[in-house]
Amino acid sequence: MTNNQKVRVRFAPSPTGGLHLGGVRTVLYNYLFARHHGGDFVLRIEDTDQSRFVAGAEEYILQCLHWCGIQPDESPEKPGAYGPYRQSERKAGYAQYAKQLVAQGNAYIAFDTTEELEEMRNKYKTEHHNAQYDSRTRGYMRNSLTLAKEETEALLAAGTPHVVRIKMPVNETVIFKDMIRGEVSFDTNLVDDKVLLKADGMPTYHLAVVVDDYLMKITHAFRGEEWLPSAPVHLLLWQYMGWEAEMPQWAHLPLILKPDGNGKLSKRDGDRLGFPVFAMDWTDPRTMEQTIGFKERGFLPEAFVNLLAMLGWNPGLEQELFSIDELVQYFSIERVHHGGAKFDYEKAKWFNQQYIQKADNARLAELVRPFIADKEVSIADDKLATIIGLVKERIHLLSEFWEQASFFFVRPETIDTAALQPKWNDTIKSFFVSLTQKLSAENEWNQESIEAIFNETVAAAGIKKGEAMLPLRVMLVGGKFGPGVFIIAEQIGKDETVARIEKAISIL
RNA sequence: GGCGUGUUGGUCAAUCGGUUAAGACGCCUCCCUUUCACGGAGGAAUGACGGGUUCGACUCCCGUACAUGCUACCA
């Protein structure tokens, strides 16, 4: 790219299912880079594989980006000047470029059937070398290089299924500079003649990515490390098309690995280890299989973005909590790690907890609604906000709200009597009986007044405050947890407080 | 198998030839809190291995090991 060109980056998912953590991180790095340099972020849909098309996947991806607060500047829904934004809508164009490459001698037409390819691989495979369609084997195959010109034309005229393959040069070294890894080089003899145009007329990723990036004036191309081995094909294509001067700078991002063992993090690992891998809930329309997302597990989008940003990138500061605007400010591709990072769900939850603590109670109340929708209680917004303020420092996920706060809304079904029994005797029992009487007679009802009555009653009964505090908590809450016991009493109200104490006395 | 890429505590990681090798998560101890949590203080725990280069290597080079990715008319 030329220096004064406007930065343009793209995220190019194929709409085949749920949006993976690693995908979101790739989006994020694209977005941060674009914003940092005042450039554009483009969403392009790579739907060239018709057999893998999944209905609804494109909309789903949009929703995930929206939830994360990442809006593309251009997308299928919001076209800019470089459309179309779906590869399937460019079908005719790709064929032209493929034709040009064939005419130039940089590509050729191949008629081999699946069976013939299979046969070739078995035949030429050795212990030391995997057989591939390349300079060593293409001479034995049925293609426009081995067939007479008339024969090829006759086959074409007869409508014989065929693909277009790149003709990888012999004895060349392709070198390029990756923004993250520095100089990377490949021996062209070891790269196979990748299919460029499929028999159905659709381009493969290899052709499409080059053509689209060129047409869409992409200046920086970020993608996962798994693409590195095919980079020489793309480099050569840029060269053969005569677009070398406009080729984007490449950056191959490290992988996100599974927490245990090694290898790429997959949806299966999440299922197995009990954490989400997709950004949002995804239901496969074919199998109806449902997969949980970070959103529905109770993550805040800003926490999700923050934790993903830190997985493979680090600004070199001690600060760990960054708003998306701060990330934009600090982000630099040079500080992206080379090696893959294992995903740590515990740390992810810590990030979320930090953001929950910082978040506004009214907003949290709104966000927590879906998590209590199935509970048969109706709670006013302000009441919910107040209670969230009381319990938010002890939850890591929004989904944990109910287990930490249900006693504010419904009487505990059971109480931890085991925690009470050792302290239970006639003295303490009569203390609680007299406490309920005094509480019932009280007109003012707030945590100060409740505590004052409690103190009086304790003194009158001649017991220590500590002996009665825990029992009171267990009676109201059901267990040994939760915020201050008097504020709980205030919130649940006088009648309910008295009722819970009386019920506890009756069963002890 | 071949090729590519990678390797600092259990995990995320700072360091860009000279530090007692930061910090965070998790774990442990203590304090705070008459519960739990939050918060605070402290602790255990790290440069894969072997060679170079250098006055001096976590840092640069080479080799080995290990890991991982690719090796489809999938992306």
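Throughout, a chain's letter reflects where its sequence line sits, starting with A, and its residues are numbered from 1. Because the structure is a prediction, the values reported are computed rather than measured.
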Interatomic distance at C1', B/U46 relative to B/C27, whole Å:
16 Å

For nucleotides B/A41 and B/G52, find the distance between their C1' atoms and express it as a whole number of Å.
46 Å

Any chance you could lay out the ring pair (Phe, Tyr, Trp, His ring centres under 6.0 Å) test for A/F371 and A/F401, step after step, and finish with the verdict?
CA-CA 8 Å; A/F371 293 93; A/F401 172 74; 9.4 Å; no

Base, sugar-phosphate or nothing for A/V184? Non-hydrogen atoms, less than 4.0 Å.
sugar-phosphate

Can you tell me how far P of B/U35 sits from CG of A/L390, to the nearest Å?
16 Å

Between A/F331 and A/F322, is a ring pair (Phe, Tyr, Trp, His ring centres under 6.0 Å) present by the stated rule, with each step listed?
CA-CA 11 Å; A/F331 188 77; A/F322 296 92; over 10 Å; no

NZ of A/K177 versus C1' of B/U5: gap in Å, rounded?
18 Å

Just to be sure I understand the rule, does A/L255 reach a base, reach only the sugar-phosphate, or reach nothing, if contact means heavy atoms closer than 4.0 Å?
sugar-phosphate

How would you label the contact of A/K264 with the nucleic acid (heavy atoms, under 4.0 Å): base, sugar-phosphate, or nothing?
sugar-phosphate

A/D200 CG to B/C73 P, straight-line distance once rounded to whole Å:
13 Å

Please report the distance separating the C1' of B/A14 from the corresponding atom of B/G9, rounded so that it comes out in whole Å.
14 Å

Select base, sugar-phosphate, or nothing to describe what A/P161 touches, counting heavy atoms under 4.0 Å on all strands.
nothing

Between B/G47 and B/A57, how far apart are the C1' atoms? Round to whole Å, please.
11 Å

Below 4.0 angstrom from OP1 or OP2 of B/U34, is there any side-chain N or O of A/K423?
no

Select base, sugar-phosphate, or nothing to describe what A/K465 touches, counting heavy atoms under 4.0 Å on all strands.
base

Closest to the A/Y205 side chain, choosing from B/A75, B/G23, B/C73:
B/A75

Measuring from the side chain of A/E225 (C-beta onward, heavy atoms only), which nucleotide among B/C38, B/G4, B/C73 has the closest atom?
B/G4

According to a strict under-4.0 Å criterion, is A/H337 in side-chain N/O contact with OP1 or OP2 of B/A14?
yes

Nucleotide paired to B/G26 in any strand shown, Watson-Crick or G-U, under 3.5 Å:
none

So, does A/T48 get its side chain near the phosphate of B/A75, meaning an N or O under 4.0 Å from OP1 or OP2?
yes

So A/L397 and A/K349, side chain to side chain contact (heavy atoms under 4.5 Å, CB included) or not? Walk me through it.
CA-CA 7 Å; A/L397 303 169; A/K349 285 197 291 189; 4.1 Å; yes

May I ask you to evaluate whether A/R121 reaches the phosphate of B/U71, defined as a side-chain N or O under 4.0 Å from OP1 or OP2?
no

Heavy atoms only, 4.0 Å cut-off, all strands: where does A/N130 land among base, sugar-phosphate and nothing?
base

Could you please name the partner base of B/A14, counting Watson-Crick and G-U wobble pairs only when both distances are under 3.5 Å?
none

Roughly how far apart, to the nearest Å, are B/C73 and B/A67 at atom C1'?
32 Å

To the nearest Å, give me how far apart CZ (A/F176) and C1' (B/G4) are.
10 Å

Which part of the nucleic acid does A/G339 contact within heavy-atom distance under 4.0 Å: base, sugar-phosphate only, or nothing?
sugar-phosphate

Nearest-Å distance once atom C1' is located in both B/G50 and B/C38:
49 Å

Using a heavy-atom cut-off of 4.0 Å across all strands, would you classify A/D112 as base, sugar-phosphate, or nothing?
base

Does a side-chain N or O of A/R335 approach OP1 or OP2 of B/U15 to a distance below 4.0 Å, or not?
yes

What distance, rounded to whole Å, do you find between the two C1' atoms, one in B/G23 and one in B/U15?
12 Å

What does B/G1 pair with, Watson-Crick or G-U, if both distances are under 3.5 Å?
B/U71

Which nucleotide, B/G23, B/G6, B/G4, lies nearest any side-chain atom of A/E318?
B/G23

5' precedence on RNA chain B between A/K480 and A/N314 (nearest-nucleotide basis):
A/N314

Remember a base hit wins even if backbone is also touched, and classify A/G482 as base, sugar-phosphate or nothing at under 4.0 Å, heavy atoms.
base

Mind checking who B/G63 pairs with, Watson-Crick or G-U wobble, both distances under 3.5 Å?
B/C49

Would you mind classifying the nucleic acid contact of A/Q319 as base, sugar-phosphate or nothing, using non-hydrogen atoms under 4.0 angstrom?
nothing

Exactly one of A/Y205, A/Y240, A/Y214 clears ring pair (Phe, Tyr, Trp, His ring centres under 6.0 Å) with A/H234, and that residue is A/Y205

Could you state the CH2-C1' distance from A/W350 to B/G23, rounded to the nearest angstrom?
10 Å

Name the closest nucleotide to the A/S14 side chain, picking from B/A75, B/C38, B/U11.
B/A75

Show your working on side chain to side chain contact (heavy atoms under 4.5 Å, CB included) between A/M202 and A/S88 and close with a plain yes or no.
CA-CA 8 Å; A/M202 280 289 196; A/S88 56; 3.8 Å; yes

N/O (side chain, A/R52) to phosphate O (OP1/OP2, B/A75) under 4.0 Å:
no

Is the distance from OP1 or OP2 of B/C74 to the nearest side-chain N or O of A/K198 less than 4.0 Å?
yes

Sugar-phosphate, base or nothing in reach of A/F343, heavy atoms under 4.0 Å
nothing

Under the 3.5 Å rule, do the base of B/A24 and the side chain of A/K347 count as making a donor-acceptor pair?
yes

Can you identify which nucleotide, out of B/G6, B/A72, B/G69, has its nearest atom closest to the A/E226 side chain?
B/G69

Taking the inter-plane angle between the rings of A/H252 and A/F176 on a 0 to 90° scale, is it parallel (under 30°), tilted (30 to 60°) or perpendicular (over 60°)?
perpendicular

Test the A/R136-A/Y124 pair against the cation-pi criterion, namely NZ or CZ under 6.0 angstrom from the six-membered ring centroid and within 45° of the ring axis.
no

By nearest-heavy-atom nucleotide on RNA chain B, the more 5' of A/P13 and A/F481 is A/F481

Show every salt bridge (charged side-chain N to carboxylate O under 4.0 Å, His left out) that has at least one partner inside residues 395-424 of chain A, sequence neighbours left out.
A/R411-A/E496

May I ask you to check whether over 12 heavy atoms, not counting those of A/K465, lie within 6.0 Å of atom NZ?
yes

Spacing of A/Y94 atom OH relative to B/A75 atom C1', expressed in whole Å:
13 Å

If you look at every strand shown and take non-hydrogen atoms under 4.0 Å, does A/A341 touch a base, only sugar-phosphate, or nothing?
sugar-phosphate

Just to be sure I understand the rule, does A/G484 reach a base, reach only the sugar-phosphate, or reach nothing, if contact means heavy atoms closer than 4.0 Å?
base

Where the side chain of A/D49 is concerned, which of B/C74, B/C25, B/G2 is the nearest nucleotide?
B/C74

Could you work out the separation of B/A21 and B/A45 based on their P atoms and round it to a whole Å?
14 Å

Which nucleotide, in any strand shown, forms a Watson-Crick or G-U wobble pair with B/A21, with both distances under 3.5 Å?
none

If you compare every side-chain N and O of A/Q404 against the phosphate oxygens of B/A37 (OP1, OP2), does one of them come in below 4.0 Å?
no

Using purine N1 to pyrimidine N3 plus N6-O4 or O6-N4 for Watson-Crick, or N1-O2 and O6-N3 for G-U wobble, both under 3.5 Å, which nucleotide pairs with B/U34?
none

